[in-house]
Amino acid sequence: MLNVLLVCGSGASSGFMAANMRKEAAKRGLDMKITARSESEIENYIDEIDALMIGPHLQYLEDEMKERCEGTDVKVILMKPEYYSVLNGEKAIDHLLSVVGE
């Protein structure tokens with residue numbers, strides 16, 4: 001199972017994105033757990049995840065999170081505005097899979 005954490009500022013928009021990604025993963029028969037949290041909660045979950053997807057408006061966190069995840073297998077992925085802004089779960093799953101290689 002691939003454990004994915006999505007983060008945005010408050011967790012609201014990433015919650016909708018996570019729901020759309022869960023639907024798409026189920027449609028494809030992918031074994032994934034996709035959760036959404038606010039950026040302030042990242043530290044609580046970093047040791048339990050395989051991938052961290054960051055909302056495009058939080059780009060400033062990308063380097064810090066890559067540094068934090070160094071030495072682990074966690075992939076840090078900056079979500080793209082073109083699918084995040086329309087909450088396109090299909091394109092988000094495509095992006096995720098292109099990085100984790102599942």
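For E82, the CD atom counts as densely surrounded, since its 6.0 Å shell holds more than 12 non-hydrogen atoms of other residues, nucleotides or ligands. Surrounding CD of E67 are at most 12 heavy atoms belonging to other residues, nucleotides or ligands under 6.0 Å away.
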Tell me, with the steps shown, if D50 and K75 meet side chain to side chain contact (heavy atoms under 4.5 Å, CB included).
CA-CA 6 Å; D50 302 301; K75 303 280 190 229; over 6 Å; no
Apply side chain to side chain contact (heavy atoms under 4.5 Å, CB included) to the pair R22 and K33, showing each step before the final yes or no.
CA-CA 8 Å; R22 282 192 293 270; K33 178 182 176 193; over 6 Å; no
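Listed for the N3 side chain is a donor-acceptor partner under 3.5 Å among the backbone atoms of E48.
A distance of 9.0 Å separates CD of E39 from CD of E64, quoted to the nearest 0.5 Å. Interatomic distance, CG of D47 versus OG1 of T72, reported as 8.0 Å (0.5 Å rounding). Atom CG of residue L2 and atom CE of residue M32 lie 5.0 Å apart, to the nearest 0.5 angstrom.
In this structure, I49 belongs to a hydrophobic cluster whose other members, linked by side-chain heavy atoms under 4.5 Å apart, are L5, V7, I42, Y45, I46, L52, I54, L58, Y60, L61, M65, V74, V76, L78. In this structure, M1 shares a hydrophobic cluster with no other residue, the cluster being traced through Ile, Leu, Val, Met, Phe, Trp and Tyr side chains under 4.5 angstrom apart.
The side chain to side chain contact (heavy atoms under 4.5 Å, CB included) with V4 is formed by just one residue from the set I34, I77, V100; it is I34.
Shortest non-hydrogen contact noted between A18 and T35 is CB-C, 4.3 Å. For the residue pair S14 and C8, the shortest heavy atom distance occurs at OG-SG, 3.3 Å. Here the closest heavy-atom approach between residue M79 and residue G55 is recorded as CE-N, 3.6 Å.
In this structure S40 satisfies the side-chain hydrogen bond (donor to acceptor under 3.5 Å, both in side chains) test together with S38, sequence neighbours excluded. With sequence neighbours excluded, the residues that form a side-chain hydrogen bond (donor to acceptor under 3.5 Å, both in side chains) with E62 are K66. Under the rule for a salt bridge (Lys or Arg N to Asp or Glu O under 4.0 Å), D73 has no partner lying at least two apart in sequence or in another chain.
Within the 4.5 Å cutoff, no side-chain heavy atoms of R37 are placed close to those of N44.
At a threshold of 4.0 Å, the pair R28-D94 counts as salt-bridged, since one of the basic side-chain nitrogens sits closer than that to a carboxylate oxygen.
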What pairs of donor and acceptor atoms, side-chain ones from residues 83-93 against any protein atom, are under 3.5 angstrom apart with sequence neighbours left out?
residue: Y83; atom: OH; partner: K80; partner atom: N; Å: 3.4
residue: Y83; atom: OH; partner: H95; partner atom: ND1; Å: 2.6
residue: Y84; atom: OH; partner: S13; partner atom: OG; Å: 2.7
residue: S85; atom: OG; partner: P81; partner atom: O; Å: 2.8
residue: N88; atom: OD1; partner: E90; partner atom: N; Å: 3.0
residue: N88; atom: OD1; partner: K91; partner atom: N; Å: 2.9

